[in-house]
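A short worksheet on the structure shown next.
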Amino acid sequence: MAITSRWSLPPEGIRFLTPAFMLTELAAHPLLTGPYPLATGYYPNGHAHKMERWDHNNYLLIYCAAGDGSLEVDGQKLVISPGSLILLPPGIAHRYQADEKEPWSIYWVHFDGPHSQEFYEHLGMRALTENIGLHPEIMSNFEAAFELRRTHYDIDGFIHGCHLLHKLLSLLTLLIKQHRSHPGIAISLHDVQGFMIENIHGQLSLDTLAKHLKLSKYYFSKRFKALTGYSPIQYFINLKMQRACEWLDSSEYSVKQVGLSLGYDDPYYFSRLFKKTVGLSPVQYRESRHK
C-alpha cells in the first residue's frame, strides 16, 4: 500500500518521500537513536483529499492548520478542526478525508525508527486525535523540516532533518500538557483565527478582538495567551508575517507592496517587525529562500 495518498498536489503543496536507500543509511547511522521521517508534506485547502489504509505499518502525525475534516477508526467518526492533532500508531486501520465545504489544510509526517514507540508514548495523547489549538511554532517546525527537499540526498542534511523531527515531537509534548493545564478556556481558536484572517489587510486592537468574542478584554487576553502562548496581538502579527512570507515566496511584490497589503504604511516599520518575528529582514528572507 502507498505510504501517501495520490491527491493532486497544488503548486503551493509539498510532498516529499525519503528514498529507500536513505532510510537504510539512517537506520544504521551511529548518530541517530530516534525516529526518522519516511515522508512529510503540506496539503493546503485539500479539496477532495482522502485516504484509507487497512494495513498501516508506521507512525503518522497530522496537524490541521485550517479548515475541517474527519477521521474514522473502528466505525467511529471523529471531527477534525483547526488545531487538531492526529497521531496514529502502526496497526490502526483508518480512513480520513477533508470536509467538502471547508477542506482542511494539513501538515503531516510519517515516521519510524528507533524509539518511535517511546516518542509516541511520551506525547501522552489520550486518544488518536486531540485539539491543542493553533500554534505558529508547530507550522514553522514543519516548514523547517521541508528543507529536506533541498539536500540532494545528502546524509548530513537528513540527519539534521531527523533531529528536527525529534524537536517537533518534543514541542508537541509540551503543548499538549500546556493545553490540558487550562481546561476551562472557552475560546474558539477557529473563530479568532478566522476573524484575524478576515482583517489580515488591516489592523486589529485588543478591544476589537474581545468585543468580537463578547468577552472582557482582560479575560480574553489572559485565556488566549494561556492557550496559545502568545498575546492576541502578537498572534495576529505572526499570522501577518506568515502571509508576508507567502507573498515574498510566491509573488513579485516589493517589500513595500507586501507591507501595504498587510496594513503597514511605513515600509521601515514593517521590515523591523518582520525581522523581529521571522529573524531575517524581508530582503534577507527572499534571498535565502531562492539560494
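The structure places CG of Leu87 at 6.0 Å from CG of Leu123, a figure rounded to the nearest 0.5 Å. Leu168 contributes atom CG, which lies 9.5 Å from atom OG1 of Thr173 (distance to the nearest 0.5 angstrom). Rounding to the nearest 0.5 Å gives a distance of 10.5 Å between CG of Leu71 and CD of Gln97. With rounding to the nearest 0.5 Å, the separation of CG in Leu85 from CD1 in Ile80 is 9.5 Å. Rounding to the nearest 0.5 Å gives a distance of 8.0 Å between CG of Leu165 and OG of Ser116. Between Leu239 atom CG and Met139 atom CE the span is 7.5 Å, to the nearest 0.5 Å.
Summarising the geometry of Pro44 relative to Pro10, their closest heavy-atom pair is CG-CG, 4.0 Å, with the distance given to 0.1 Å. Of all heavy-atom pairs spanning His47 and Trp7, the tightest one is O-NE1, 2.8 Å. Contact detail for Pro232 and Leu206: the closest heavy-atom pair is CG-CD1, 3.8 Å. Residues Leu134 and Ala65 come closest through the heavy atom pair CD2-O, 3.4 Å. Between Pro37 and Thr18 the shortest heavy-atom distance is O-OG1, 2.8 Å. For Asp154 against Met22, the heavy-atom pair with the smallest separation is C-CE, 4.2 Å.
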Please lay out, stage by stage, how Met241 and Phe270 fare under the test side-chain contact (heavy atoms from CB on, under 4.5 Å). CA-CA 9 Å; Met241 296 306 112; Phe270 165 68; 4.0 Å; yes

Determine, stepwise, if the pair Tyr59 / Gln117 fulfils side chain to side chain donor-acceptor pair (under 3.5 Å). CA-CA 9 Å; Tyr59 295 84; Gln117 178 65 23; 2.6 Å; yes

Step-by-step side-chain contact (heavy atoms from CB on, under 4.5 Å) determination, Ile233 to Leu209: CA-CA 9 Å; Ile233 298 305; Leu209 286 164; 4.1 Å; yes

Test side-chain contact (heavy atoms from CB on, under 4.5 Å) on Asp156 and His160; report intermediate values, then the result. CA-CA 6 Å; Asp156 293 331; His160 178 60; over 6 Å; no

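Looking only at distances, a side-chain donor or acceptor of Arg286 sits under 3.5 Å from a matching main-chain atom of Leu248. A donor-acceptor contact shorter than 3.5 Å is absent between the side chain of Asp74 and the backbone of Gln76. Judged by distance alone, with hydrogens and angles left aside, the side-chain atoms of Ser84 form no donor-acceptor pair with the main-chain N or O of Asn131 at under 3.5 Å. Of the possible polar contacts, one joining the Thr24 side chain to the Ala20 backbone as a donor-acceptor pair under 3.5 Å is found. With hydrogens and angles disregarded, no donor-acceptor distance shorter than 3.5 Å links the side chain of Arg243 to the backbone of Ile197. For the pair Trp247 (side chain) and Ser254 (backbone), a donor-acceptor distance under 3.5 Å is absent. Here the side chain of His56 pairs a donor or acceptor atom with the backbone of Asn58 at under 3.5 angstrom. Lys211 places no side-chain N or O within donor-acceptor distance of the main-chain N or O of Lys217, the cut-off being under 3.5 Å. Between the Asn141 side chain and the Leu164 main chain, no donor and acceptor come within less than 3.5 Å of each other. A donor-acceptor pair under 3.5 Å links the side-chain atoms of Gln284 to the main chain of Ser281, judged by distance alone.
Cluster annotation: Val79 and Leu88 are assigned to distinct hydrophobic clusters (Ile/Leu/Val/Met/Phe/Trp/Tyr, side-chain heavy-atom contacts under 4.5 Å, transitive). By the rule that hydrophobic residues join a cluster once side-chain heavy atoms approach within less than 4.5 Å of another member, Ile237 and Val258 end up as members of one cluster. Linking ILVMFWY residues whenever their side-chain heavy atoms come closer than 4.5 Å, directly or via other members, leaves Tyr268 and Tyr285 in distinct clusters.
Tyr230 and Glu137 share a side-chain donor-acceptor pair at under 3.5 Å.
A distance below 6.0 Å separates the ring centres of Tyr153 and Phe21. Side-chain rings of Tyr63 and Tyr107 stay apart, their centers remaining 6.0 Å or farther from each other.
Between Tyr235 and Phe224, the ring planes are perpendicular. Angles over 60° get that label, and only those under 30° would be called parallel. Ring orientation note: the planes of His49 and Trp104 are tilted relative to one another, at an angle of 30° to 60°.
Looking only at side-chain heavy atoms (C-beta outward), Leu23 and Tyr36 come within less than 4.5 Å of each other. Counting heavy atoms from C-beta on, the side chains of Gln203 and Tyr264 come closer than 4.5 Å. Counting heavy atoms from C-beta on, the side chains of Leu61 and Leu172 come closer than 4.5 Å. Phe195 has its side chain within reach of Thr208: a pair of non-hydrogen atoms, C-beta onward, lies under 4.5 Å apart. The closest side-chain heavy-atom distance from Phe274 to Val255 is not below 4.5 Å. At least one side-chain heavy atom of Ile200 sits less than 4.5 Å from a side-chain heavy atom of Leu262. With contacts defined as side-chain heavy-atom distances shorter than 4.5 Å, the pair Ile132/Ile138 qualifies. Arg53 places a side-chain heavy atom less than 4.5 Å from the side chain of Leu60.
Leu260 pairs by the side-chain contact (heavy atoms from CB on, under 4.5 Å) definition with Lys256, Asp265, not counting sequence neighbours. Partners of His163 under the side-chain contact (heavy atoms from CB on, under 4.5 Å) rule, at least two apart in sequence or in another chain, are Leu32, Ile159, His166.
The salt bridge (charged side-chain N to carboxylate O under 4.0 Å, His left out) contacts involving residues 89-102 comprise Glu52-Arg95, Glu72-Arg95, where partners must be two or more places apart or lie in separate chains.
Exactly one residue among Tyr43, Phe146, Tyr96 makes a ring-ring contact (aromatic ring centres under 6.0 Å, His included) with Trp108. That residue is Tyr43.
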